[in-house]
Amino acid sequence: MKTSDELMTLLRRIDHKGYPAYKDTKGAYQFAGYVLDIEHVQGDPFASPSKIRLLVAGKDAGLPKDLYDKKHKRIAVQDYLLRQFGKRLSKVSFTAHGSGKSGLMSVTRCGQEVLERSGCEIKETDGSVIIRMEIGFPANGRTINAGELIKILFSLLPDVVKNELMFRNMDQKNIRKVAELAENQQYIRAELKKRNLAAFVADGAILPRETGVSQKPMKNAVPFQSPDSMKVVFELPNGETLSGMGIQRGITLIVGGGYHGKSTLLEALERGVYNHIAGDGREYVITESGAMKLRAEDGRCITGTDISMFIRNLPNKVNTECFYTEDASGSTSQAANVIEAVEAGSDVLLIDEDTSATNFMIRDELMQLVVTKDREPITPYIDRIRELYHQCGISTILVVGSSGAYFKKADTIVQMDEYRAFDITDAAKEQARAYEGADNEVTKMVNIKLPDFQRCMLSNRSFYDDRTKIRVNGSESVSVNKNTIDMRAVEQLVDAEQLRALGHICKYMHENMLNGKATLQEAVEKVTCALEENGFSSICGKMVPCDLAMPRIQEIFACMNRCRNVKLFD
Ligand code: ADP
Ligand code: MG
C-alpha cells in the first residue's frame, strides 16, 4: 500500500493540471490510524463527487467488543457512528473551496429508524470500522486545485476521523446508551414471541409526527397510555421496568371516530418493525419484525400469484390460482398483497380501511341479497380473517371506522378516543349481539388452504448487463436499467437508500438466481443469507456504494413481485 506522503507528492505534482489528472489518485493510502481508499474519482467538478472508503483497524478504533458483539448492537452503534461522523463532517464541508461540488464532504443522512447502512460498517470479527463517503475534489473551473484537496485529506478529514471513529475520543457514555437501547428493544422483540404478542406500544410513547412530511415527533402530543386490560410489563435488561399495551396475536380492531388517532397508531405499528433512535418517541413501539402493512394498489402488475382464496370465477374465466395482470384492480391487488405477504413470511398483517378496497374488505347484507354469492367472484377479507388466524396463524391488526361487521370476528377491539386507547371488546361485542338479534352466531369456519408458493420466476436479461444503471426516484420507485419498479404502496420502506439496495438486489437476483429451478422463496432466502454473511458486497461486488440501506426480506419479495415483464417457469 502507498503512504500518505506518496499521495501528497502526487497531489503537488498534478496541481494546476487539467481535472482528469485527479484520476491518478485512485488507490489506497496509509494514514496515521486509518487507510484512505479513493475508490472512484469524479470526471469533473460538477459530476457526482468522488467516492472514498475509510478503514480504521480494530486496534485503532478501540471499540469495546460488547458494543458490537450482537447484530442489533452492532447496527445501532454503526448508525450512531455514522450520525456523529456526519455531524462533524457537515461543519467542515465546503470549507475548502472551488467550482461546482469542490470541497463537499458528506456521508449519508440517517432518519428516525436505525438501519444497517453501507455508510458505516463495523466488522464483527475484529472491530474495524469502515466509512463510505463522498468528497468533491476541488478545482477552479477545470483546473485542479490540489492545495484545497490537501487541506481536506490532510487536515479536515483526519480531525473528523480522530474525533468520531476512535473510541478514546468519543462520548463514551452516549455510545453505551445507544447499545443499551438496542439491547432493550431486542429484548422486547424476543419477548413478543414468547408472550404471543404481535406488537407492543409503551406507555408514554409519542406516536404522531411533526407534519405529514417530517418523521420528527410532534410537540405537545398526547402521550400513549395503555388500557389497563391490555397492559403488559417488561423488566428490561438494563434494570428498568416498562409498561404498555400488548397487542395479542389474533384479530385486533382499532376503531374510533375520524381524526381520533387510529391511523397514527397503525403507522407507528408499521414502523415498529424497525428500531428507532432515542428521542423519537417510538423507541418502545415494537412490532413483530415480519409484520406487513398492506393496501389496495390499483395498477400494479401481478405475476402468477394464487389469489383464489379471495377471488375466483372471474367473468372472463381467467385462472386466479395463477393470476397474471399488468393492471390489477383494487380488490385483486389487495388480494395479491395479502398472499404475497404470507409468501414473504409475514404472520402479522396491518390494514387500514382508509387505503383498502371496500369490496375486498366487506360485503354488506343487503348487497348479498341483491347480488347473490354465485355472481360475486370476491370472497371478502372478513370471510377469511378468522380462518387465516386459526388455521394459518396469521394475525391481523385492522383499522376500521365505518364497518361494524368486523366486531364479531375480532378478539380485541381498541377504541381511539381523543388519542387515548380504550379496550371496548366486551361492550362492542355485546352491542353487536343485541343488534343482530338471534342471527348473531359467528359463522362456521370453512377450511382454507394457503397456496404452495412454488412460483419460480424467470430472469429477464433487461435487468442486468455490463453497465446496469440503478436509479432511485424519490421514495417512490427504483429503476433497474429501463425497468421501473413502483414501490409507492410498499409503505414500510422508510428510506430511499433501501430502495437503492433493492435495485441492486433485484439486479443480482435476475443475474444469478432466477434460473427456473429455485422458487421465489428459495431465491430470496439465498440472497438474504448472502447479505447476512457478507453484507452489501455480496450483491454489489468490489465497490460498495456509500448510499445503501438494508431492506427487510418482506420488501425484497415486494420488489420482485412488482417487476414487470417477468415470466414464471411452468
Ligand atoms: P384517524 O385515522 O382516526 O382519522 P389520524 O390518526 O389520522 O386519525 O389522526 C388525526 C390527526 O391527529 C393527525 O393530524 C395526527 O397527527 C393527530 N394526532 C394523532 N395522535 C395524536 C396524539 N397522540 N396527540 C396529538 N395529536 C395526535
Ligand atoms: Mg385514518
Side-chain angles (χ1 to χ4, degrees), residues 1-56 82 85-86 88-109 118-121 129-162 164-165 466-471 497 500 536-537 540-548:
M1 194 187 318
K2 287 173 273 191
T3 64
S4 59
D5 288 345
E6 286 172 81
L7 178 60
M8 176 75 90
T9 311
L10 169 65
L11 286 175
R12 292 214 168 104
R13 179 164 58 74
I14 63 175
D15 196 13
H16 301 305
K17 292 203 171 151
Y19 206 85
Y22 264 145
K23 294 274 179 204
D24 295 351
T25 61
K26 196 170 163 199
Y29 304 90
Q30 182 70 56
F31 278 66
Y34 64 97
V35 175
L36 173 108
D37 190 349
I38 302 174
E39 292 190 306
H40 169 81
V41 180
Q42 64 204 97
D44 67 70
F46 303 92
S48 167
S50 303
K51 311 289 182 250
I52 312 294
R53 180 172 168 277
L54 304 172
L55 171 69
V56 186
L82 192 54
F85 190 89
R88 194 177 285 265
L89 202 61
S90 68
K91 289 189 187 129
V92 294
S93 182
F94 289 116
T95 56
H97 302 283
S99 318
K101 300 193 173 104
S102 293
L104 173 146
M105 301 169 75
S106 77
V107 289
T108 187
R109 257 227 197 52
S118 61
C120 179
E121 284 178 31
V129 179
I130 291 171
I131 290 277
R132 295 192 176 84
M133 63 177 295
E134 295 187 322
I135 296 180
F137 283 13
N140 300 319
R142 287 174 203 283
T143 308
I144 287 178
N145 184 342
E148 290 296 271
L149 188 55
I150 289 170
K151 179 169 149 193
I152 291 174
L153 298 181
F154 289 85
S155 155
L156 302 176
L157 192 56
D159 182 61
V160 181
V161 172
K162 189 182 89 205
E164 301 300 349
L165 299 182
D466 295 342
R467 300 182 55 106
T468 305
K469 270 222 157 54
I470 291 166
R471 222 180 53 239
E497 297 195 354
R500 191 181 306 280
F536 292 109
S537 61
C540 322
K542 211 169 143 275
M543 197 188 134
V544 176
C546 60
D547 50 5
L548 301 180

side-chain hydrogen bond (donor to acceptor under 3.5 Å, both in side chains) with [X]: which residues, sequence neighbours excluded?
X: Ser118; answer: none
X: Asp37; answer: none
X: Glu6; answer: Thr3
X: Arg53; answer: none

* Can you list every salt bridge (Lys or Arg N to Asp or Glu O under 4.0 Å) pair that touches residues 130-140, not counting sequence neighbours? -> Lys51-Glu134, Glu121-Arg132
Can you find a heavy atom in the side chain of [X] that is under 4.5 Å from one in the side chain of [Y]?
X: Leu7; Y: Leu36; result: yes
X: Ser106; Y: Ser93; result: no
X: Leu89; Y: Leu157; result: yes
X: Cys120; Y: Val129; result: yes

Between [atom1] of [X] and [atom2] of [Y], what distance do you get to the nearest 0.5 Å?
X: Asp5; Y: Leu10; atom1: CG; atom2: CG; answer: 12.5 Å
X: Asp24; Y: Lys17; atom1: CG; atom2: NZ; answer: 8.0 Å
X: Leu548; Y: Arg500; atom1: CG; atom2: CZ; answer: 7.5 Å
X: Arg88; Y: Glu164; atom1: CZ; atom2: CD; answer: 4.5 Å
X: Thr143; Y: Ile14; atom1: OG1; atom2: CD1; answer: 12.0 Å
X: Ser90; Y: Met105; atom1: OG; atom2: CE; answer: 10.5 Å

Indicate the atoms forming the closest heavy-atom contact of [X] with [Y], along with that distance.
X: Leu54; Y: Met133; result: CD1-SD, 3.9 Å
X: Met1; Y: Ala28; result: CG-O, 3.3 Å
X: Asn140; Y: Asn145; result: ND2-ND2, 3.5 Å
X: Pro138; Y: Ser102; result: CA-OG, 3.3 Å

Check residues 146-155 and write down every donor-acceptor pair under 3.5 Å in which the side-chain atom is one partner and the other belongs to a residue at least two apart or another chain.
unit_1, atom_1, unit_2, atom_2, d
Glu148, OE1, His97, N, 2.6
Lys151, NZ, Thr95, O, 2.7

Under 3.5 Å donor-acceptor, [X] side chain and [Y] backbone:
X: Ser50; Y: Val41; answer: no
X: Tyr19; Y: Phe137; answer: yes
X: Ser99; Y: Ala139; answer: yes

* What residues, two or more places apart in sequence or in another chain, satisfy side chain to side chain contact (heavy atoms under 4.5 Å, CB included) together with Leu55? -> Val35, Ser128, Ile130
* Asked: Excluding sequence neighbours, so at least two apart, what forms side chain to side chain contact (heavy atoms under 4.5 Å, CB included) with Lys469?
  ->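 Per chain and number, Lys469 pairs via side chain to side chain contact (heavy atoms under 4.5 Å, CB included) with Asn481.
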* Which residue pairs satisfy the ring pair (Phe, Tyr, Trp, His ring centres under 6.0 Å) criterion with at least one member in residues 34-54, sequence neighbours excluded? ->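 Listed by first then second residue: Phe31-Tyr34.
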* To do: List for me each residue that meets salt bridge (Lys or Arg N to Asp or Glu O under 4.0 Å) alongside Arg109, sequence neighbours excluded, and say none if there are none.
  =>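 If we apply the salt bridge (Lys or Arg N to Asp or Glu O under 4.0 Å) test to Arg109, skipping adjacent residues, there are no hits.
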